[in-house]
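One structure is given here, and the rest of the page talks about it.
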Amino acid sequence: MKHKRIIAVCMAAALLLGTGCGQQEVQEEAPTGTAVEVMEVTSGEMRAEYAVTGKVQAVNEVQVFPLLAGQVLTLSVKEGDKVASGQVLFTVDTSTVTSTLGALQQSYSATKAATDGTIASAQVGVEQAQLGVEQAQLALDNTKALYEVGAAAAQDVTRAEQALTQAQGALTQAQTGVQQAQAQQAASLAQIQASMDQITTQAALGTVKAPCAGTVTAVNVVRGGMASSAQPSVVIAENGKIEVTASVAEDVYANLTEGDTADVMISVWSDEPMEGKIGALPAAADAQTSLYEIPVTLPSDATPPIGSFATVTFYTARREAALSVPTEAVLTGSGDERYVYIIDEASGDTVLRVTVETGLVSNTDTEIVSGLTEGDRVVIKGQSYLADGALVRIVGDDAAPAEDAADDSADAGDTVTDIAGSADANGEG
């Protein structure tokens with residue numbers, strides 16, 4: 001038993017010795033210098049970007065209010081429908097308005113019948129008076145003929161003339177009676193007709209039609225519910241034209257121009273951004289928010305749902321050929337100094353701290369106005385741990401196998417240690 005224990009201890013010591021040697025070899029092979037990633041400085045188009053959330057709206061939104069409140073009997077449209085001008089949208093119950101129309105129609109007929117009888121009687125009187133005038137005229141003519149031959153006296157002619165005058169007066173009176181009866185009839189019938197026309201006009205308001213062609217964007221009534229003038233029952237985007245509006249601050253507004261392009265991303269409608277154009281710029285900022293509402297027109301074939309949100313990217317400046325680096329590569333020193341670290345090509349494994357002047361800033365990159373030249377290798381990761389002249393080792397995809405090898409060596413060392421521990425435990429047992 002004692003012999004076995006000595007053998008176990010010797011084996012454990014040998015394993016531990018081997019493990020120590022292996023670990024020493026790994027440490028000796030570990031690379032030196034701060035690990036960094038680099039990128040070559042390139043020249044290309046550079047744009048200053050400003051992204052903001054916007055909303056899809058109708059260019060001209062028409063709100064349709066019912067002019068007659070009441071229960072909705074029929075509803076012919078829903079959100080998203082295309083409608084033509086004059087198309088019926090919905091109808092409202094008009095029974096309360098038209099309930100007296102029947103009685104008015106009966107009154108009209110009765111009044112007309114009664115006044116027609118009065119007028120007919122007056123016209124008979126006119127006919128009789130006309131006959132009296134004709135007879136008086138004939139008598140006067142005969143009397144004058146007799147007077148000319150000496151068969152009648154002058155007094156007879158005078159009396160005949162007076163009789164004609166009286167007959168003509170009676171005719172005029174009869175004619176006036178007819179005219180008065182007709183005027184009274186017309187007035188009475190017109191009053192009743194006006195009441196009926198008013199009811200008919202109000203009843204027509206129960207049929208609500210589209211005032212313009214376009215796309216229905218909202219329907220705020222339901223069949224069987226009530227329609228009132230408190231809110232628009234239907235909202236229509238005139239001619240289906242839509243745009244995106246986005247609010248921007250004064251510094252961005254000052255760099256925008258009507259007709260400039262802007263990228264618009266509407267995620268609920270498409271996975272790809274589309275190019276829009278800035279519309280007429282507002283003359284003043286919103287009084288409450290102090291922001292400027294910028295309209296952006298969309299391509300004619302774009303039909304996103306109205307009310308959906310969009311991400312609008314405005315470009316406030318452009319450079320055709322600008323040197324740029326990732327924004328995170330640019331560090332800030334004292335006195336707002338901007339600097340980067342580049343690989344010293346003379347040594348290949350040290351860095352130089354270079355002061356730079358920056359220009360445009362996009363979502364990812366920063367323009368370098370001076371300090372760098374195209375082809376310089378700029379540190380883009382690990383730069384925060386460097387100093388001028390620091391030793392570095394460039395890593396990236398090529399460094400992965402070496403790191404894996406180091407991990408494998410460490411795992412092997414752990415395995416040896418575990419074996420040694422197990423052996424020692426067995427020896428003690």
Side-chain angles (χ1 to χ4, degrees), residues 36-52 54 244 246 248-265 270-279 281 292 294 296-299 310-384 386 388-390 392 394-398:
V36 297
E37 289 187 18
V38 300
M39 175 181 290
E40 283 193 2
V41 178
T42 58
S43 175
E45 182 183 11
M46 181 76 184
R47 301 184 295 182
E49 302 174 3
Y50 182 84
V52 64
V244 173
V248 301
E250 183 177 3
D251 57 339
V252 177
Y253 169 80
N255 290 285
L256 299 180
T257 304
E258 181 178 353
D260 284 352
T261 59
D263 287 339
V264 180
M265 179 67 184
S270 174
D271 295 331
E272 298 294 331
M274 71 187 83
E275 185 179 87
K277 289 189 178 297
I278 298 176
L281 297 176
Y292 293 84
I294 307 300
V296 179
T297 60
L298 302 178
T311 299
V312 183
T313 302
F314 295 105
Y315 301 101
T316 55
R318 298 174 186 265
R319 302 281 193 275
E320 294 298 329
L323 295 180
S324 64
V325 298
T327 299
E328 62 268 21
V330 182
L331 303 176
T332 302
S334 60
D336 291 332
E337 175 200 14
R338 300 289 191 272
Y339 65 94
V340 298
Y341 286 104
I342 66 172
I343 300 298
D344 184 355
E345 299 301 337
S347 64
D349 58 358
T350 59
V351 294
L352 299 174
R353 173 173 165 157
V354 178
T355 300
V356 296
E357 180 183 354
T358 61
L360 299 180
V361 178
S362 70
N363 288 341
T364 59
D365 298 326
T366 296
E367 179 189 15
I368 303 300
V369 178
S370 65
L372 297 179
T373 59
E374 190 169 3
D376 285 343
R377 290 190 293 169
V378 176
V379 178
I380 61 173
K381 286 188 178 180
Q383 63 272 22
S384 299
L386 301 179
D388 189 30
V392 296
I394 300 173
V395 299
D397 295 337
D398 295 338

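Start at 1 with the first residue, then count along the sequence.
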Residues forming a side chain to side chain donor-acceptor pair (under 3.5 Å) with [X], sequence neighbours excluded:
X      : value
Thr261 : Arg318
Ser347 : Thr350
Glu345 : Arg377

Between the main-chain N or O of [Y] and the side-chain N or O of [X], is there a donor-acceptor pair closer than 3.5 Å?
X      : Y      : result
Thr366 : Val325 : no
Glu367 : Ala48  : no
Asp336 : Thr332 : no
Thr257 : Asp260 : no

- prompt: Between Ile278 and Phe314, is any pair of side-chain heavy atoms under 4.5 Å apart?
  reply: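 Counting from C-beta outward, Ile278 and Phe314 do come under 4.5 Å.
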message: Do Lys381 and Val36 make a side-chain contact, defined as non-hydrogen atoms from C-beta onward lying under 4.5 Å apart?
response: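 When only atoms from C-beta onward are counted, Val36 and Lys381 do not touch, as no gap falls below 4.5 Å.
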message: Distance check, rounded to the nearest 0.5 Å: Glu40 atom CD versus Asp376 atom CG?
response: 9.0 Å
- request: State whether the number of non-hydrogen atoms from other residues, nucleotides or ligands found under 6.0 Å of Glu250 atom CD is greater than 12.
  value: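 Result for CD/Glu250: open.
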statement: Paired with Val379, the side-chain contact (heavy atoms from CB on, under 4.5 Å) test is passed by just one of Ile394, Leu331, Leu386, namely Leu386
message: Going by the rule ring pair (Phe, Tyr, Trp, His ring centres under 6.0 Å), which residues pair with Tyr339 if we only count those two or more places apart in sequence or in a different chain?
response: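 With neighbours one apart ignored, the set is Tyr341.
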- prompt: For Tyr50, which residues count as a ring pair (Phe, Tyr, Trp, His ring centres under 6.0 Å) partner, sequence neighbours excluded?
  reply: none
message: Show the nearest heavy-atom pair for residues Ala310 and Val264, with the distance to one decimal.
response: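 Ala310 and Val264 have their closest heavy atoms at CB-CG1, 4.0 Å.
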query: Shortest non-hydrogen contact from Ala51 to Thr311?
result: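 Closest approach of Ala51 to Thr311, heavy atoms only: CB-CG2, 4.5 Å.
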query: With sequence neighbours excluded, what pairs up with Glu49 under the salt bridge (Lys or Arg N to Asp or Glu O under 4.0 Å) test?
result: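 Salt bridge (Lys or Arg N to Asp or Glu O under 4.0 Å) check on Glu49 returns nothing, list empty.
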